[in-house]
Amino acid sequence: MSAPKPADPAPGTALTGRVVLADANSFFASCEAVFNPSLADRPVVVLSNNDGCVVARNRPAKALGITNGTPWFTIRERALQDGVVARSSNYELYASLSRRMMAIMAHFLPNQEVYSIDECFMDSIWNDKRTVEICRELRAAVLRSTGIPVSVGVAPTKTLAKVANHWAKDHPSTEGITLWSQVEAQYGDQALASVPVDQVWGVGRRLTGRLMGMGITTALNLRDADPSLIRHRFSVMLQRTVLELRGRPCIEPEADAARGVRTDQILCSRMFSHPIEGYTTLAQALSIYAQKACRRLRRQHGLCGKVRVFCSTSPYAPQQFCAVGRTVVLEDPSDDPLVIAGAASRALKGRVDPHARWIRAGVVLLDLTDADHFHTLEGLDAARDTHGLGDVLEDATRRFGPFRVGVGYGGIRGKGRGDEDTGADWAMNRCMLSPRSTTRWDEMAVVQAR
DNA sequence: TCTGGGGTCCTAGGACCC
DNA sequence: TCTGGGGTCCTAGGACCC
């Protein structure tokens, strides 16, 4: 008979350590207010590309009952009457402020894992008291240097740190910082009982429906569910969630998150401002998307082995929904914009209905490998961009701006100020774009002293 | 008229091998 | 007549996240 197995060592996180999750409050809306302080107290919503759906809103906008994902055109009139300010999403500004915010936070705590544009995990080896002091300094530094308010949750696991972070946002008395151990000490199981199961990290709409059917409606119910039953009926991922709610760390740091660069696939897709028809226009869009994707590929020193392209008609249109996709296997892995854009723009030739009304198209780069470690037999090397075209394009883009030069259809240049404004009439609408005050000399904020 | 974009991980099932 | 079992790899699809 074997000795009883010791408890599995917790991956990723020391058992005595604390997971710290810092997450910006209404990040996109907060960014909009940084250079326009008059927005701070007004309801603000930020719209998806093409000014389609609401993707972010600040507290006053939430109080008006506006939810994420709502198509803007369905609420525009009412919202404007209510004094709502709408903005097109300005990712260039958000990404710039995000980088500053992350860099500042990294000074305060170790092992930063940038999880998304507005949040990061960190570790604290300090006791509760010292951890709170550090988090307080961190919040103040980010606010002072970027104008972005952040909330902080501290717990033994990532899933509980998420819960604690929500708690901090929902309870002003916490002043933006919540230690889960304190909440538990004060409220016991009532704390998790007050969290609906669909708010738990890792539980989406589908799972919520199935869990409800089993009588699991709160985070507390989920925590107390049988882990092996959950694994059997759902998946190993939800089982991990159960264990994490019990305070046992099971979610490893994302392998490459710390380096923040390498991904397994690169996707560039867009909706058009209006439906387009015909292969030529489609090929033009695909060529441009492929070049954007290729720039990202080169930035992460990657090569791609396959190029997938797809396009689809509107699921809301009265006509039959139609989606077409094709994956092209490259002869050799490549980072050459001529090869990749060429493959993308030719992929659908002869395969699309010339009368279909396409509203979206995209390019995915797959089978990514690391260019720095790509070796093969003599004479069978990757189709590297040996003529240096990619570097020239990158350099020209840096110096003269996007879409001044490109391959194939990629060089067309339009009239507007958006990156996305290729000049093609199908390029997306961004009617309410704020200035990119941190990345464009000609859009810097102007301050007047009186 | 007008409904986003970019990722990750897991699983089931088929092909293939010995 | 009797027709196995276990492994790997790949892919498509489904779920999730922000």
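Here is how names work: the chains are called A, B, and so on, in the same order as the sequence lines, proteins then strands, and each is numbered from 1.
More than 12 non-hydrogen atoms from other residues, nucleotides or ligands lie less than 6.0 angstrom from CD of Q199(A).
For the pair F234(A) and I266(A), nearest-nucleotide mapping onto DNA chain B gives the more 5' position to I266(A). For the pair S235(A) and T74(A), nearest-nucleotide mapping onto DNA chain B gives the more 5' position to T74(A).
Look at K158(A) and you won't find any side-chain N or O under 4.0 angstrom from OP1 or OP2 of dC17(C). Contact annotation: S269(A) side-chain N/O to dG6(B) OP1/OP2 distance is under 4.0 Å. R360(A) has no side-chain polar atom (N or O) that falls below the 4.0 Å cut-off from OP1 or OP2 of dT3(B).
Using a 4.0 Å heavy-atom distance criterion, W201(A) is classed as a sugar-phosphate-only contact. R240(A) comes within 4.0 angstrom of sugar-phosphate atoms only, judged by non-hydrogen atoms across all strands, and of no base. Across all strands, D118(A) comes closer than 4.0 Å only to sugar-phosphate atoms, never to a base (heavy-atom distances). Within the 4.0 angstrom heavy-atom criterion, no nucleotide atom of any strand lies near L47(A). Counting any heavy atom pair closer than 4.0 Å across all strands shown, E119(A) reaches sugar-phosphate atoms only and no base atom. The residue V54(A) sits apart from the nucleic acid: no heavy atom pair falls under 4.0 Å.
Put simply, CD1 on I230(A) is 16 Å from C1' on dC16(C), counting in whole angstrom units. As a whole-Å value, the separation of L238(A) CG from dC17(C) C1' is 14 Å. Rounded to whole Å, the distance from CE on M271(A) to P on dT1(B) is 16 Å. Taking atom CZ of residue F310(A) and atom C1' of nucleotide dG6(B), one finds them 10 Å apart after rounding to whole Å. Look at CG on N50(A): it is 9 Å from C1' on dC2(B), rounded to the nearest Å. Between the C1' atom of dC17(C) and the CD atom of E113(A) lies a distance of 13 Å, rounded to the nearest Å. Look at CD on E92(A): it is 17 Å from C1' on dG5(B), rounded to the nearest Å. The separation between F73(A) atom CZ and dG4(B) atom C1' is 14 Å, rounded to whole Å.
Every residue two or more places apart in sequence or in another chain that forms a side chain to side chain contact (heavy atoms under 4.5 Å, CB included) with A191(A) is listed here: W167(A), W180(A), V183(A), Y187(A). Checked against salt bridge (charged side-chain N to carboxylate O under 4.0 Å, His left out), K62(A) has no partners two or more places apart in sequence or in another chain. The ring-ring contact (aromatic ring centres under 6.0 Å, His included) test applied to W72(A) returns no partner, not counting sequence neighbours.
There is a side-chain donor-acceptor pair under 3.5 Å between E119(A) and S116(A).
Outside the 6.0 Å centre-distance limit, the rings of Y316(A) and F321(A) are not counted as a close aromatic pair. F310(A) has its ring centre no less than 6.0 Å from the ring centre of W358(A).
dC18(C) and dC2(B) have their P atoms separated by 30 Å, with the value rounded to a whole Å.
Residues V45(A) and I66(A) have side chains in contact (heavy-atom distance under 4.5 Å, counting atoms from C-beta outward). I216(A) is not listed as a side-chain neighbour of R210(A), based on a closest heavy-atom distance of 4.5 Å or more. Here the side chains of E244(A) and I251(A) are in contact, with some heavy-atom distance below 4.5 Å. Looking at heavy atoms from C-beta onward, S30(A) lies out of side-chain contact with E32(A) at the 4.5 angstrom threshold.
Among dG6(B), dG4(B), dC17(C), the nucleotide with an atom closest to any side-chain atom of N49(A) is dG4(B). Side-chain proximity of C53(A) to the nucleotides dG5(B), dG4(B), dC18(C) is greatest for dG4(B).
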* Does the salt bridge (charged side-chain N to carboxylate O under 4.0 Å, His left out) test come out yes or no for K169(A) and D23(A), once each step is laid out? -> CA-CA 10 Å; K169(A) 289 199 170 102; D23(A) 186 319; 3.2 Å; yes
* Secondary-structure string, 5' to 3', Watson-Crick or G-U under 3.5 Å, | for another-strand partners, for DNA chain C -> ....||||||||||||||
Pairs under 3.5 Å (N/O, protein and nucleotides 12-15 of chain C):
residue : atom : partner : partner atom : Å
dA15(C) : OP2  : R206(A) : NH1          : 3.2

Sort me out a list of protein N/O and nucleotides 7-11 of chain C N/O pairs below 3.5 Å, or just none if empty.
residue : atom : partner : partner atom : Å
dT11(C) : OP1  : K306(A) : NZ           : 3.3

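When every heavy atom of C120(A) is checked against every heavy atom of M105(A), the shortest pair comes out as SG-CE, 3.6 Å.
dT3(B) has its base stacked against the ring of Y316(A), the centroids being under 5.5 angstrom apart at an interplanar angle below 30°.
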